Number of protein chains: 2
Amino acid sequence: MAANILLVEDEPGIQELLKFNLAQAGHQVTAAGDAEHALKFLKNTLPDVILLDWMLPGMSGIDLCKRLRSDERYQPIPIIMLTARGEERDKVLGLDTGADDYITKPFSPRELVSRIKAVLRRRAPQMTDEPVEINGLRLDPTSHRVSGRGQALELGPTEFRLLHFFMTHPERVYSRTQLLDQVWGDDVFVEERTVDVHIRRLRLALEPSSHAELIQTVRGAGYRFSAEVG
Amino acid sequence: MAANILLVEDEPGIQELLKFNLAQAGHQVTAAGDAEHALKFLKNTLPDVILLDWMLPGMSGIDLCKRLRSDERYQPIPIIMLTARGEERDKVLGLDTGADDYITKPFSPRELVSRIKAVLRRRAPQMTDEPVEINGLRLDPTSHRVSGRGQALELGPTEFRLLHFFMTHPERVYSRTQLLDQVWGDDVFVEERTVDVHIRRLRLALEPSSHAELIQTVRGAGYRFSAEVG
DNA sequence: AGCAGTATGACTGATTTATGACATGGGCAC
DNA sequence: GTGCCCATGTCATAAATCAGTCATACTGCT
């Protein structure tokens with residue numbers, strides 16, 4: 001995967017420890033000692049995940065979490081709460097603040113890493129860098145390559161993202177609007193019909209290895225990526 | 001799922017929190033701060049579910065609920081009451097107002113989402129995205145696919161909606177008018193006999209897997225989807 | 001048989017999707 | 001900076017499919 005992670009943790013020891021472990025797992029980590037620094041950082045950069053300590057000097061992790069959740073700019077970023085307390089009450093409260101997951105100290109780095117992975121997959125499965133392969137069609141996010149039964153396929157950037165999204169969300173119909181949101185981004189102002197054009201370009205690109213039929217039109221509903229026929 | 005939800009809640013914090021969580025679950029949320037705004041909104045749009053805070057400035061949630069229940073236009077819309085008090089007395093009172101469910105604060109977003117799902121299933125089963133299967137005939141709303149005993153079946157948009165409605169409302173006769181309301185929409189201006197034609201098209205589409213007989217004609221009354229014979 | 005309700009096939013306008021062409025604009029090489 | 005090239009989004013038009021209506025044939029019931 002290799003995600004950009006914002007770590008908000010006041011205790012230097014734990015901060016270092018986590019930074020090291022996450023870097024070890026291939027992530028890019030930025031650390032902030034309190035909510036203020038975190039917010040300052042977020043002004044300029046949107047990380048892929050936020051790790052948030054429960055207890056922070058000044059604004060608490062909970063409050064920061066709530067605040068982030070109320071801002072639509074940060075709303076889609078997954079948040080994982082780090083907490084020392086393990087009571088059920090707190091867990092529920094944690095989820096109520098809008099956090100996607102919580103993890104109770106002490107925890108193993110391995111656990112943290114896998115939770116990050118899980119949360120990324122849930123929010124934006126196409127973000128993970130794992131190669132996907134369906135019916136001999138293979139897409140590798142790391143090398144940014146696509147091949148059909150060994151044969152290399154050429155597709156443009158948008159077609160690549162579109163295919164990546166489809167392959168990580170197969171067997172499901174997506175309307176043009178949904179595709180625009182997911183593949184183009186929430187805030188783009190693009191004609192719905194543009195999707196048709198990119199679908200066509202994607203199909204053309206997949207033609208050489210006869211994988212074009214994986215992209216199916218569902219009249220009145222949208223498009224679907226499916227390994228099944230029809 | 002993906003329902004249109006009207007949220008009536010005066011406290012901005014909770015309103016935001018819920019809006020976020022519901023949006024996260026794929027719903028479309030409109031928020032109103034009090035009963036008046038809610039009513040104004042309802043004049044133009046009918047949501048699929050209404051979330052109603054117990055305590056509201058001005059007209060209380062309870063009163064609003066009663067009022068909505070007395071208007072047949074709003075009567076079929078499921079209402080879920082949000083309440084901070086947990087006493088049994090209140091619960092009963094809540095149900096007496098005509099609410100379909102109540103949920104006591106604090107509650108987890110997960111719980112709320114699942115209650116919404118439950119309430120939708122009860123009131124409008126065809127809205128939920130769960131696959132339906134009857135007698136080997138299977139319809140999956142997410143992938144927008146229909147198959148009979150493994151064999152893929154082709155049906156047009158209207159036939160798909162019609163079948164979905166039937167499968168989620170089996171063993172019950174619906175008049176042509178009712179079907180027009182439920183499948184076509186309340187406001188369409190279409191000849192009643194048109195239903196016959198689509199019934200026929202649906203039957204033709206189901207023929208390949210011999211599921212056509214599930215669509216039964218009830219002379220003088222309408223049509224019925226039934227797994228039982230004749 | 002006669003009647004009312006239902007099935008069926010054909011037709012037409014309307015809607016939805018596919019396709020090819022084009023204008024724009026950014027990035028890159030030089 | 002200049003020019004070229006590719007990618008992107010939009011449009012016009014063609015093609016495909018669908019929805020609704022009607023005329024007619026059929027069915028079951030009394």
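Bear in mind the structure is a predicted one, so any value in this text is a computation, not a measurement. Just so it is clear: chains get the letters A, B, ... in the order the sequence lines come, proteins before strands, and each one is counted from 1.
B/F160 has its CZ atom 17 Å from the C1' atom of D/dT17, to the nearest Å. Atoms NE2 (B/H198) and P (D/dT21) sit 9 Å apart, rounded to a whole Å. Between B/L162 atom CG and D/dG20 atom C1' the separation is 15 Å, expressed in whole Å. The interatomic distance linking B/E192 (CD) with D/dT21 (P) rounds to 11 Å, in whole Å. Protein atom CD of A/E159 is 15 Å distant from nucleotide atom P of D/dC6, rounded to whole Å.
The side chain of A/W184 contributes no N or O atom lying less than 4.0 Å from OP1 or OP2 of D/dT8. Within the 4.0 Å cut-off from OP1 or OP2 of D/dT21, at least one side-chain nitrogen or oxygen of B/T194 is found.
In the helix from C/dA1-D/dT30 to C/dC30-D/dG1, the terminal helix axes, each the rotation mapping four pairs' C1' atoms onto the next four within five end pairs, subtend 30°, rounded to 10°.
A perpendicular orientation is assigned to the rings of B/Y174 and B/F165, their planes being inclined by more than 60° (bins at 30° and 60°).
In this structure, A/L22 and A/L112 approach most closely via the heavy-atom pair CD2-CD2, 4.1 Å.
Ring pair B/H144/B/F160: centre-to-centre distance below 6.0 Å.
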inquiry  = Walk along nucleotides 14-21 of chain C from 5' to 3' and tag each nucleotide B, S or - by protein heavy-atom contact under 4.0 Å, base first, then sugar-phosphate.
reply    = -BBBSSB-
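Salt-bridge formation is detected for the pair A/R138/A/E133: a Lys NZ or Arg NE/NH1/NH2 atom is positioned less than 4.0 Å from an Asp or Glu carboxylate oxygen. By the 4.0 Å N-to-carboxylate-O rule, B/R201 lies too far from B/D196 to be salt-bridged with it. Using a cutoff of 4.0 Å between basic side-chain nitrogens and carboxylate oxygens, A/E213 and A/R203 are not scored as salt-bridged. Salt bridge annotation for A/D140-A/R145: absent, with no cationic side-chain nitrogen under 4.0 angstrom from a carboxylate oxygen.
Across all strands, A/E154 comes closer than 4.0 Å to no nucleic acid atom at all (heavy-atom distances).
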